[in-house]
> 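Sharing a structure below in structure tokens format, with a few things to ask.
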Amino acid sequence: MGFAAESGAKMGYFRRPALWILISCLAIRSGDGFYLPGSYPHQYPAGGALPVKVNSLTSIDTEIPFSYYSLPFCRPAEGIKDSAENLGELLMGDRIENSPYRFKMFTNESDVFLCRTDPLSAQDFRLLKKRIDEMYQVNLILENLPAIRYNKKDDYVLRWTGYPVGIVVADVYYVFNHLKFTVLVHKYEETNVARVMGTGDAAEAIPTVDKAGSGSPGWMVVGFEVVPCSFWHDAELVKTLKMYDKYPVKIQCDPRTVAMKVKENQPIVFTYEVAFVESDIKWPSRWDAYLKMEGAKVHWFSILNSLMVIAFLAGIVLVILLRTVRRDLTRYEELDKEAQAQMNEELSGWKLVVADVFRAPCHPLLLCVLVGDGVQILGMAVVTILFAALGFMSPASRGTLITGMLFFFLVLGIAAGYVAVRMWKTIKTGDHSGWISVSWRVACFFPGIAFLILTTLNFLLWGSHSTGAIPISLFIILLLLWFCVSVPLTLVGGFLGAKAPHIEYPVRTNQIPREIPPQKYPSWLLVLGAGTLPFGTLFIELFFIMSSIWMGRVYYVFGFLFIVMILLVVVCAEVSLVLTYMHLCVEDWKWWWKSFFSSGSVAIYIFLYSVNYLVFDLKNLSGPVSASLYLGYSLLMVIAIMLATGTIGFISSFGFVHYLFSSVKLD
């Protein structure tokens with residue numbers, strides 16, 4: 001599995017040995033070696049231009065991203081240009097643009113004048129103070145590496161990506177207007193790029209390989225560090241300076257002191273310095289600084305906790321199957337027909353509901369739709385996490401995780417339509433009429449809910465002028481993907497399900513339903529309580545996932561997550577199986593919906609945990625818009641989890657009941 005040799009609280013990292021298998025079919029021949037698309041390093045000659053890019057401003061206090069140029073920062077002379085972004089980046093609110101910062105490979109520069117802004121208007125002054133209060137971070141990117149900032153606290157060194165817009169000291173606002181950059185570079189020594197590939201970083205151009213080995217050596221960027229400073233600049237000294245001129249006074253960058261106050265009707269002067277340092281860090285290891293983690297034991301504890309729950313439930317299932325069920329069935333089969341008839345009168349428990357256990361549930365169409373969508377969501381999650389765990393979705397490839405999830409969800413519409421229609425045909429005992437209606441509802445149920453929630457949240461983001469708002473053009477693309485890809489594939493799956501044979505019930509169903517005896521306790525109470533066991537399997541890893549999404553960290557320990565998901569599937573199946581057996585033992589033959597919600601009820605506890613996380617861990621979250629965004633996305637996540645886990649429970653219970661009663665032979 002490759003559990004994060006270098007994995008971190010911000011990211012976990014998995015190298016990609018499995019990708020070597022694909023080299024022969026994905027490679028591009030160059031010289032004597034092969035290039036795996038998106039994995040080659042980019043070399044620069046000494047003095048070569050290194051463009052720095054900017055991403056959206058982000059804050060863990062609001063969770064609303066804004067454009068870098070929404071604040072009065074310096075703008076590039078050639079104008080603002082958007083970088084090509086994939087679907088996942090746009091959905092995540094990333095807006096990568098060019099910046100005025102320009103470096104030259106292995107050329108140290110100091111006291112570089114960037115620009116002198118116009119005097120701050122009242123609106124810009126208020127906006128800048130607001131962004132400082134909301135703890136917004138500036139995110140710079142060089143060669144696909146985010147700028148990293150180190151902060152020593154006691155005996156610990158804290159790592160942060162980006163730097164704050166400013167700081168408040170004694171009710172006075174200061175802006176960080178001088179940046180001290182350190183670029184770590186490694187000499188490009190290999191003549192064959194294939195020997196050093198393995199990170200998945202996407203370079204802008206294929207590097208040129210000098211077969212003769214002549215010419216000056218190239219350099220690769222393997223680290224990008226920033227130290228923000230607030231330095232007082234005299235705006236009068238720079239009136240005649242142009243961008244990239246030398247600042248007339250030596251700048252001493254001391255991050256422990258602040259000097260540049262934010263004042264209305266006063267301009268702000270921005271400067272920077274850059275130093276290049278040769279490093280021993282190799283290209284495949286350049287992400288290690290972002291990925292180091294000291295919390296791997298917590299993940300292993302989570303897995304051990306899940307294994308204990310599984311062992312406990314497996315023991316119960318074993319007792320049910322081997323001791324109770326097998327013993328009863330063996331005894332029953334050894335009797336002759338007269339004795340069986342006499343025994344039928346004395347039967348108790350699950351054997352009494354043999355003629356009702358496969359009676360069609362109430363709202364069968366809705367159940368089939370939920371199970372179909374659950375199969376689609378579960379398949380998407382398993383395949384996406386597996387690919388991420390194998391390293392196909394590296395942290396360098398921004399947006400690939402969301403893009404991959406969307407792609408797998410669309411493709412698995414075939415599986416959703418097939419399962420839903422075949423289950424519908426089984427409930428109708430072979431009659432597949434209405435399969436188009438079932439397929440259409442499967443294609444529209446969960447995507448429709450997701451579209452409704454995202455549209456509502458998008459209006460809130462549009463009103464805030466956030467870069468997190470989905471553009472109209474992207475909305476149209478998503479609608480086209482939904483109706484031109486997902487719906488047709490779901491209908492194809494439904495057609496295949498209609499043509500497939502239905503599952504034969506092992507026993508006949510009486511026309512008159514059997515009366516269910518009164519229960520000592522409400523059966524739904526037990527169903528809702530059953531969700532605590534799957535939640536116990538998931539909650540530790542859930543904390544890391546929530547921190548990754550809402551605390552500005554990037555989750556990348558997908559090896560652990562894949563194991564936890566497999567364990568969750570097993571726990572959900574076992575919980576639903578045990579509860580279904582318990583209901584049958586008290587002669588309650590209405591097990592269909594209860595088997596779905598016995599494992600699907602874990603979603604209730606996840607939503608309660610989300611509310612708890614909002615109140616106690618995100619207590620600094622400011623404004624109703626931010627809270628609405630959090631609750632909206634949490635609701636969407638919870639619905640998806642309910643459908644996936646409920647489907648696991650229903651399918652496992654259906655298989656168990658079918659197996660249990662297939663050995664019962666009654667006239």
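All values below were derived from every heavy atom in this structure, side-chain atoms included, with hydrogens, water molecules and symmetry-related copies excluded. Since the model is a prediction, treat every value here as computed from it, not as a measurement.
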> Any idea which heavy atoms bring Ser486 and Leu410 closest together, and the distance?
CB-CD2, 3.6 Å
> Taking atom types as modelled, is there a side-chain donor on Asn139 or Tyr68 under 3.5 Å from an acceptor on the other?
no
> Would you check if the side chain of Ser99 reaches a backbone N or O of Val52 as a donor-acceptor pair within less than 3.5 Å?
yes
> How about Ser547 and Tyr613: does a side-chain donor come under 3.5 Å of a side-chain acceptor?
yes
> For Asn458 and Gly468, work out which heavy atoms get closest and say how close.
OD1-O, 4.2 Å
> Sequence neighbours excluded, which residues qualify as side-chain hydrogen bond (donor to acceptor under 3.5 Å, both in side chains) partners of Tyr136?
Thr62
> Take atom CZ in Phe459; do more than 12 heavy atoms of anything else shown fall under 6.0 Å from it?
no
> Return the orientation label for the Phe451 and Phe475 ring planes: parallel under 30°, perpendicular over 60°, tilted otherwise.
perpendicular
> When you compare the side chains of Glu143 and Tyr44, does any donor N or O come within less than 3.5 Å of an acceptor on the partner?
yes
> Rounded to the nearest 0.5 Å, what separates atom CG in Asn177 from atom CZ in Arg116?
13.5 Å
> Given 3.5 Å as the limit, does a donor-acceptor pair link the side chain of Ser59 with the main chain of Glu134, or not?
yes
> Rounded to the nearest 0.5 Å, how far does CG of Asn86 lie from CG of Leu91?
9.0 Å
> Step by step, work out the ring-ring contact (aromatic ring centres under 6.0 Å, His included) result for Tyr609 and Phe539.
CA-CA 8 Å; Tyr609 179 84; Phe539 83 97; 7.4 Å; no
> Just by distance, do the side chain of Glu97 and the backbone of Val54 share a donor-acceptor pair under 3.5 Å?
no
> Should the heavy atoms of other residues, nucleotides or ligands under 6.0 Å from CD of Glu78 be counted, would the total exceed 12?
yes
> Taking all non-hydrogen atoms of both residues into account, name the closest pair between Thr117 and Pro72 and its distance.
CG2-O, 3.5 Å
> Give a yes or no on whether the backbone of Ile281 and the side-chain of Ser285 come within a donor-acceptor separation of less than 3.5 Å.
no
> Run the disulfide bond (SG atoms under 2.5 Å apart) test against Cys444 and tell me which residues pass, sequence neighbours left out.
none
> Hey, is CE on Met637 packed in by over 12 heavy atoms from elsewhere, all under 6.0 Å?
yes
> For Glu273, which residues count as a side-chain hydrogen bond (donor to acceptor under 3.5 Å, both in side chains) partner, sequence neighbours excluded?
His178
> Please report the shortest heavy-atom distance between Ile648 and Val569, naming the atom on each side.
CG2-O, 3.5 Å
> Pick out which of Ile148, Leu140, Val227 makes a side chain to side chain contact (heavy atoms under 4.5 Å, CB included) with Tyr163.
Leu140
> Count the heavy atoms belonging to other residues, nucleotides or ligands that lie under 6.0 Å from CZ of Phe407, then report whether that count exceeds 12.
no
> Specify the closest pair of heavy atoms between Gly374 and Thr647, including all atoms of both residues, with the distance to one decimal.
CA-OG1, 3.1 Å
> Say you draw a straight line from CD1 of Ile96 to CD of Glu89; how long is it, rounded to the nearest 0.5 Å?
4.5 Å
> Could you tell me the separation between the CE atom of Met92 and the CG atom of Leu401, rounded to the nearest 0.5 Å?
8.5 Å
> Has Ser56 got a side-chain atom pairing as donor or acceptor with Gly93's backbone, closer than 3.5 angstrom?
yes
